[in-house]
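I'd like to ask you about the structure that follows.
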Amino acid sequence: LPDPASGAVAEHALGLLLSLATRSHLANDRSRGRVDASTSLQGVELCGSTLGVLGVGRVGLHLARIATGIGMRVVGADPDATARRAAEHVGIEMTSTDEVLHRARALAICASAAPQSPPILDLAGLGALQPGALLVNVGRPDLVDTDAAVAALRLRHLRGYAVDGTPFDRLEHADLMAEGRIVQTGHSAGWRDEVLARGAEQLARAIVAAVRQDPAARAEADGDEQVA
(Lines give C-alpha, C1' and ligand atoms only; values in the text may rest on other atoms or scores of the structure.)
Protein backbone atom coordinates (compact mmCIF):
# COMPACT_ATOMS: atom_id res chain seq x y z
CA LEU A 1 0.00 0.00 0.00
CA PRO A 2 1.09 3.61 -0.47
CA ASP A 3 2.23 5.43 2.66
CA PRO A 4 -0.54 7.80 3.80
CA ALA A 5 1.36 9.33 6.74
CA SER A 6 4.70 10.65 5.49
CA GLY A 7 3.54 14.26 5.27
CA ALA A 8 2.09 14.14 8.78
CA VAL A 9 5.29 12.63 10.18
CA ALA A 10 7.37 15.34 8.50
CA GLU A 11 5.12 18.03 10.00
CA HIS A 12 5.45 16.34 13.38
CA ALA A 13 9.24 16.46 13.07
CA LEU A 14 9.15 20.18 12.35
CA GLY A 15 6.74 20.69 15.25
CA LEU A 16 9.12 18.89 17.61
CA LEU A 17 12.01 21.00 16.37
CA LEU A 18 10.02 24.19 16.92
CA SER A 19 9.10 23.03 20.43
CA LEU A 20 12.74 22.48 21.32
CA ALA A 21 13.77 25.81 19.83
CA THR A 22 10.99 27.93 21.34
CA ARG A 23 10.54 25.87 24.55
CA SER A 24 6.79 26.26 24.07
CA HIS A 25 6.16 22.90 25.75
CA LEU A 26 7.98 24.16 28.83
CA ALA A 27 6.13 27.49 28.75
CA ASN A 28 2.89 25.53 28.84
CA ASP A 29 4.11 23.49 31.82
CA ARG A 30 5.25 26.61 33.66
CA SER A 31 1.96 28.43 33.09
CA ARG A 32 0.15 25.43 34.62
CA GLY A 33 2.45 25.25 37.65
CA ARG A 34 4.04 21.97 36.62
CA VAL A 35 7.58 23.37 36.78
CA ASP A 36 9.17 26.02 38.93
CA ALA A 37 8.23 29.59 38.01
CA SER A 38 11.92 30.48 37.76
CA THR A 39 12.50 27.95 34.95
CA SER A 40 14.04 29.67 31.94
CA LEU A 41 12.01 29.82 28.74
CA GLN A 42 14.86 31.24 26.68
CA GLY A 43 15.04 29.57 23.29
CA VAL A 44 16.78 29.95 19.94
CA GLU A 45 15.78 30.99 16.43
CA LEU A 46 15.84 28.45 13.61
CA CYS A 47 15.74 30.83 10.65
CA GLY A 48 19.18 30.99 9.04
CA SER A 49 20.49 27.88 10.79
CA THR A 50 21.32 24.54 9.19
CA LEU A 51 19.08 21.50 9.49
CA GLY A 52 20.73 18.17 8.85
CA VAL A 53 18.46 15.35 7.71
CA LEU A 54 19.59 11.75 7.98
CA GLY A 55 17.33 9.78 5.65
CA VAL A 56 15.76 11.69 2.75
CA GLY A 57 13.00 9.29 1.82
CA ARG A 58 9.38 10.42 1.81
CA VAL A 59 9.47 11.86 5.34
CA GLY A 60 12.94 13.37 5.18
CA LEU A 61 12.38 14.95 1.79
CA HIS A 62 9.09 16.52 2.86
CA LEU A 63 10.69 17.80 6.07
CA ALA A 64 13.50 19.36 4.03
CA ARG A 65 10.95 21.18 1.87
CA ILE A 66 8.94 22.65 4.75
CA ALA A 67 12.03 23.52 6.81
CA THR A 68 13.23 25.77 4.00
CA GLY A 69 9.89 27.56 4.35
CA ILE A 70 10.94 28.90 7.76
CA GLY A 71 14.31 29.98 6.44
CA MET A 72 16.47 27.00 7.34
CA ARG A 73 19.30 25.74 5.19
CA VAL A 74 19.04 21.98 4.69
CA VAL A 75 21.75 19.41 4.11
CA GLY A 76 21.06 15.69 3.91
CA ALA A 77 22.63 12.26 3.84
CA ASP A 78 21.23 8.92 2.74
CA PRO A 79 22.90 5.66 1.65
CA ASP A 80 20.23 5.09 -1.02
CA ALA A 81 21.26 6.50 -4.41
CA THR A 82 17.66 6.93 -5.59
CA ALA A 83 16.77 8.96 -2.50
CA ARG A 84 19.86 11.11 -2.94
CA ARG A 85 18.99 11.86 -6.56
CA ALA A 86 15.41 12.78 -5.66
CA ALA A 87 16.64 15.18 -2.98
CA GLU A 88 19.18 16.78 -5.26
CA HIS A 89 16.49 17.15 -7.94
CA VAL A 90 14.52 19.48 -5.65
CA GLY A 91 17.61 21.41 -4.59
CA ILE A 92 18.58 19.71 -1.34
CA GLU A 93 22.33 19.55 -0.84
CA MET A 94 23.47 15.97 -0.22
CA THR A 95 26.72 15.02 1.43
CA SER A 96 28.20 12.47 3.85
CA THR A 97 26.78 11.70 7.29
CA ASP A 98 29.96 13.02 8.92
CA GLU A 99 29.61 16.32 7.07
CA VAL A 100 25.95 16.60 8.05
CA LEU A 101 26.83 16.09 11.72
CA HIS A 102 29.59 18.68 11.52
CA ARG A 103 27.40 21.35 9.91
CA ALA A 104 24.00 20.86 11.55
CA ARG A 105 22.69 23.23 14.20
CA ALA A 106 19.65 20.94 14.28
CA LEU A 107 19.52 17.29 13.23
CA ALA A 108 16.50 15.23 12.21
CA ILE A 109 16.60 11.44 12.11
CA CYS A 110 14.13 10.35 9.42
CA ALA A 111 15.88 7.12 8.48
CA SER A 112 14.48 3.61 8.55
CA ALA A 113 16.33 0.48 9.56
CA ALA A 114 15.61 -3.14 10.37
CA PRO A 115 14.76 -3.97 13.99
CA GLN A 116 17.82 -4.75 16.13
CA SER A 117 20.05 -2.68 13.86
CA PRO A 118 22.69 -0.68 15.74
CA PRO A 119 22.01 3.03 16.37
CA ILE A 120 22.96 5.35 13.54
CA LEU A 121 23.73 8.06 16.10
CA ASP A 122 25.94 6.97 18.97
CA LEU A 123 28.16 8.80 21.46
CA ALA A 124 30.75 9.63 18.80
CA GLY A 125 28.09 10.90 16.40
CA LEU A 126 26.51 13.06 19.07
CA GLY A 127 29.94 14.40 19.94
CA ALA A 128 30.43 15.44 16.31
CA LEU A 129 27.42 17.77 16.49
CA GLN A 130 27.89 21.44 17.19
CA PRO A 131 27.64 22.35 20.90
CA GLY A 132 24.05 23.29 21.67
CA ALA A 133 22.57 21.32 18.78
CA LEU A 134 18.93 20.24 18.71
CA LEU A 135 18.03 16.65 17.86
CA VAL A 136 14.71 15.27 16.57
CA ASN A 137 14.04 11.58 15.92
CA VAL A 138 10.89 10.53 14.05
CA GLY A 139 12.39 7.21 13.02
CA ARG A 140 12.60 4.45 15.60
CA PRO A 141 13.80 5.56 19.07
CA ASP A 142 16.64 3.03 18.98
CA LEU A 143 18.17 4.73 15.95
CA VAL A 144 19.70 7.03 18.58
CA ASP A 145 21.69 5.63 21.51
CA THR A 146 19.48 6.83 24.38
CA ASP A 147 22.21 6.58 27.05
CA ALA A 148 24.57 8.58 24.85
CA ALA A 149 21.86 11.20 24.26
CA VAL A 150 21.26 11.50 28.01
CA ALA A 151 24.99 11.97 28.58
CA ALA A 152 25.18 14.63 25.86
CA LEU A 153 22.18 16.44 27.34
CA ARG A 154 23.57 16.42 30.87
CA LEU A 155 26.92 17.67 29.61
CA ARG A 156 25.02 20.49 27.84
CA HIS A 157 26.56 19.47 24.51
CA LEU A 158 23.05 18.67 23.24
CA ARG A 159 20.53 21.44 23.92
CA GLY A 160 17.45 19.31 23.46
CA TYR A 161 16.21 15.95 22.15
CA ALA A 162 12.69 15.19 20.91
CA VAL A 163 11.67 11.68 19.91
CA ASP A 164 8.46 10.11 18.68
CA GLY A 165 8.57 7.28 21.18
CA THR A 166 8.95 6.76 24.92
CA PRO A 167 12.59 5.85 25.59
CA PHE A 168 12.89 8.09 28.66
CA ASP A 169 11.85 7.20 32.20
CA ARG A 170 9.93 9.84 34.13
CA LEU A 171 11.91 9.11 37.31
CA GLU A 172 15.39 8.37 35.98
CA HIS A 173 15.29 11.32 33.60
CA ALA A 174 13.11 13.64 35.69
CA ASP A 175 15.78 16.36 35.71
CA LEU A 176 15.87 16.60 31.92
CA MET A 177 12.08 16.54 31.69
CA ALA A 178 11.77 19.33 34.26
CA GLU A 179 14.25 21.40 32.28
CA GLY A 180 12.21 20.85 29.12
CA ARG A 181 15.23 19.41 27.35
CA ILE A 182 13.58 16.16 26.31
CA VAL A 183 10.24 15.73 24.57
CA GLN A 184 8.72 12.34 23.79
CA THR A 185 5.47 11.91 21.89
CA GLY A 186 4.70 8.21 22.15
CA HIS A 187 4.50 7.20 18.47
CA SER A 188 1.82 9.79 17.68
CA ALA A 189 3.46 11.35 14.61
CA GLY A 190 1.06 9.85 12.09
CA TRP A 191 -2.07 9.98 14.22
CA ARG A 192 -4.04 12.54 12.19
CA ASP A 193 -7.62 12.71 10.92
CA GLU A 194 -6.49 13.00 7.32
CA VAL A 195 -4.00 10.14 7.61
CA LEU A 196 -6.62 7.77 8.99
CA ALA A 197 -9.13 8.74 6.29
CA ARG A 198 -6.54 8.45 3.52
CA GLY A 199 -5.30 5.11 4.80
CA ALA A 200 -8.81 3.68 4.98
CA GLU A 201 -9.57 4.83 1.44
CA GLN A 202 -6.33 3.40 0.06
CA LEU A 203 -6.92 0.09 1.81
CA ALA A 204 -10.47 -0.13 0.48
CA ARG A 205 -9.32 0.59 -3.07
CA ALA A 206 -6.56 -2.01 -2.80
CA ILE A 207 -9.03 -4.64 -1.54
CA VAL A 208 -11.49 -3.89 -4.35
CA ALA A 209 -8.69 -4.03 -6.91
CA ALA A 210 -7.47 -7.36 -5.56
CA VAL A 211 -10.97 -8.85 -5.62
CA ARG A 212 -11.55 -7.66 -9.15
CA GLN A 213 -8.05 -8.56 -10.26
CA ASP A 214 -8.12 -5.15 -11.96
CA PRO A 215 -4.60 -3.89 -12.84
CA ALA A 216 -5.90 -0.39 -13.62
CA ALA A 217 -7.63 -0.12 -10.25
CA ARG A 218 -4.51 -1.38 -8.50
CA ALA A 219 -2.42 1.21 -10.31
CA GLU A 220 -4.88 3.93 -9.28
CA ALA A 221 -4.73 2.80 -5.66
CA ASP A 222 -0.95 2.77 -5.73
CA GLY A 223 -0.83 6.17 -7.40
CA ASP A 224 -3.26 7.83 -4.99
CA GLU A 225 -0.47 8.64 -2.59
CA GLN A 226 0.44 11.82 -0.81
CA VAL A 227 3.66 13.30 -2.15
CA ALA A 228 6.01 13.47 0.77
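Every heavy atom of this structure was used, including side-chain atoms; hydrogens, water molecules and symmetry mates were not.
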Evaluate side-chain hydrogen bond (donor to acceptor under 3.5 Å, both in side chains) for H62 paired with S6, printing each intermediate quantity in order. CA-CA 8 Å; H62 192 71; S6 53; over 6 Å; no
I'd like to know if R156 and E179 make a salt bridge, using a cut-off of under 4.0 Å between side-chain N and carboxylate O.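 The answer is yes: the pair qualifies as a salt bridge.
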Legend entry - Side chain R159, main chain A133, donor-acceptor under 3.5 Å: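 It does not hold such a pair.
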CG of L107 to CG of N137, rounded to nearest 0.5 Å, is 9.0 Å
Backbone N or O of A5 within a donor-acceptor pair of the R192 side chain at under 3.5 Å?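 Such a contact is absent between R192 side chain and A5 backbone.
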Using a 4.5 Å side-chain heavy-atom cut-off and chaining through intermediate ILVMFWY residues, the residues clustered with L171 come out as none
Can we say R205 and E201 salt-bridge, meaning some charged N sits less than 4.0 Å from an Asp/Glu carboxylate O? yes
Q: I would like to know whether L121 and L143 meet side chain to side chain contact (heavy atoms under 4.5 Å, CB included); could you show each step before the answer?
A: CA-CA 6 Å; L121 197 62; L143 290 175; over 6 Å; no
In short, V56 meets A83 closest at the heavy-atom pair CG2-O, 3.7 Å
Verify the cluster assignment for V59 and V136: are they in a single hydrophobic cluster under the rule of side-chain heavy atoms below 4.5 Å apart?
->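 As far as the 4.5 Å side-chain criterion goes, V136 and V59 are connected within one cluster.
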When rounded to the nearest 0.5 Å, the distance separating CG of L51 from CG of L46 is 8.5 Å
| query | According to a 4.5 Å side-chain heavy-atom criterion applied to Ile, Leu, Val, Met, Phe, Trp and Tyr, with indirect links allowed, do L176 and L134 form part of one hydrophobic cluster? | reply |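 Different clusters: L176 never reaches L134 through Ile, Leu, Val, Met, Phe, Trp or Tyr contacts under 4.5 Å.
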- Query: Can you tell me if D164 uses its side chain to pair, donor with acceptor, with the backbone of H187 under 3.5 Å?
  - Reply: yes
| message | How long is the straight-line distance from CG of L18 back to CG of L14, given to the nearest 0.5 Å? | response |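 Interatomic distance, L14 CG to L18 CG, rounded to 0.5 Å: 4.5 Å.
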Below 4.5 Å, heavy atoms only, C-beta onward: do V163 and T146 meet side chain to side chain?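 Not in contact.
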Exercise for the section: Indicate the atoms forming the closest heavy-atom contact of H157 with L129, along with that distance. Expected result: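 Closest approach of H157 to L129: NE2-O, 2.9 Å.
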**Study point:** In one Ile/Leu/Val/Met/Phe/Trp/Tyr side-chain cluster, 4.5 Å: L61, I120
**Key:** no
T68 and M72: CA distance, side-chain angles, deciding distance, side chain to side chain contact (heavy atoms under 4.5 Å, CB included) verdict: CA-CA 5 Å; T68 60; M72 299 192 79; over 6 Å; no
Residues passing the ring pair (Phe, Tyr, Trp, His ring centres under 6.0 Å) test with H173, sequence neighbours excluded, are F168
Verify the neighbour count for atom NE2 of H102: are there more than 12 heavy atoms of other residues, nucleotides or ligands below 6.0 Å?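 Result for NE2/H102: open.
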Inset, instruction - Tell me, with the steps shown, if D145 and L123 meet side chain to side chain contact (heavy atoms under 4.5 Å, CB included). - result: CA-CA 7 Å; D145 185 324; L123 187 60; 5.8 Å; no
Query raised in the report: Are any of the side-chain nitrogens in E45 or R105 under 4.0 Å away from the carboxylate oxygens of its partner?
Result: no
*Check the pair Y161 / V144 against side chain to side chain contact (heavy atoms under 4.5 Å, CB included), numbers first and verdict last.*
CA-CA 10 Å; Y161 176 33; V144 175; 3.4 Å; yes
Scanning both residues in full, the closest heavy-atom pair of V53 with V100 reads N-CG1, 4.2 Å
query = Taking atom CG of D29 and atom OG of S31, what is their separation to the nearest 0.5 Å?
reply =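 D29 atom CG to S31 atom OG measures 7.5 Å (nearest 0.5 Å).
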Is there a donor-acceptor pair closer than 3.5 Å between any side-chain N or O of S96 and the backbone N or O of E99?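 Judged by distance alone, yes, a pair lies under 3.5 Å.
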- Message: Whether the side chain of R23 engages the backbone of S40 through a donor-acceptor N/O pair (distance < 3.5 Å, no angle test) should be reported.
- Response: yes
(Q) Please check this pair: side chain of R181 against backbone of L153, looking for a donor-acceptor N/O pair closer than 3.5 Å. (A) yes
- Query: Would you say Q130's side chain and R103's backbone share a donor-acceptor pair under 3.5 angstrom?
  - Reply: yes
Q. Does V183 belong to the same Ile/Leu/Val/Met/Phe/Trp/Tyr cluster as L63, with side-chain heavy atoms less than 4.5 Å apart forming each link?
A.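 The answer is yes; both residues are in one hydrophobic cluster.
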**Q.** Closest heavy-atom pair and its distance - C110, G55
**A.**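 Where C110 meets G55 most closely, the heavy atoms are CB-O, 3.4 Å.
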Tell me whether T39 contacts the main-chain N or O of V35 through its side chain, where contact means a donor paired with an acceptor under 3.5 Å.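 No, T39 side chain to V35 backbone: no donor-acceptor pair under 3.5 Å.
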For the CZ atom of R30 and the NE2 atom of H25, what is their distance to the nearest 0.5 Å?
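Here the rounded value is 12.5 Å.
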Review point. If two hydrophobic side chains count as joined below 4.5 Å and joins carry through other members, does L158 share a cluster with V44?
Key: no
Legend entry - Nearest non-hydrogen partners of H12 and T185, listed with the distance: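 Where H12 meets T185 most closely, the heavy atoms are NE2-OG1, 3.0 Å.
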- Would one find more than 12 heavy atoms of other residues, nucleotides or ligands at under 6.0 Å from atom CG of D169?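 It does: D169 CG has more than 12 such atoms within range.
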### Task
Using a strict 4.0 Å threshold on nitrogen-to-oxygen distance, state whether R154 and D175 make a salt bridge.
yes
Nearest heavy-atom contact between A87 and M94 is CB-SD, 3.7 Å
If you measure from CG on L16 to CD on Q184, what distance do you get to the nearest 0.5 Å?
->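 It comes to 11.0 Å.
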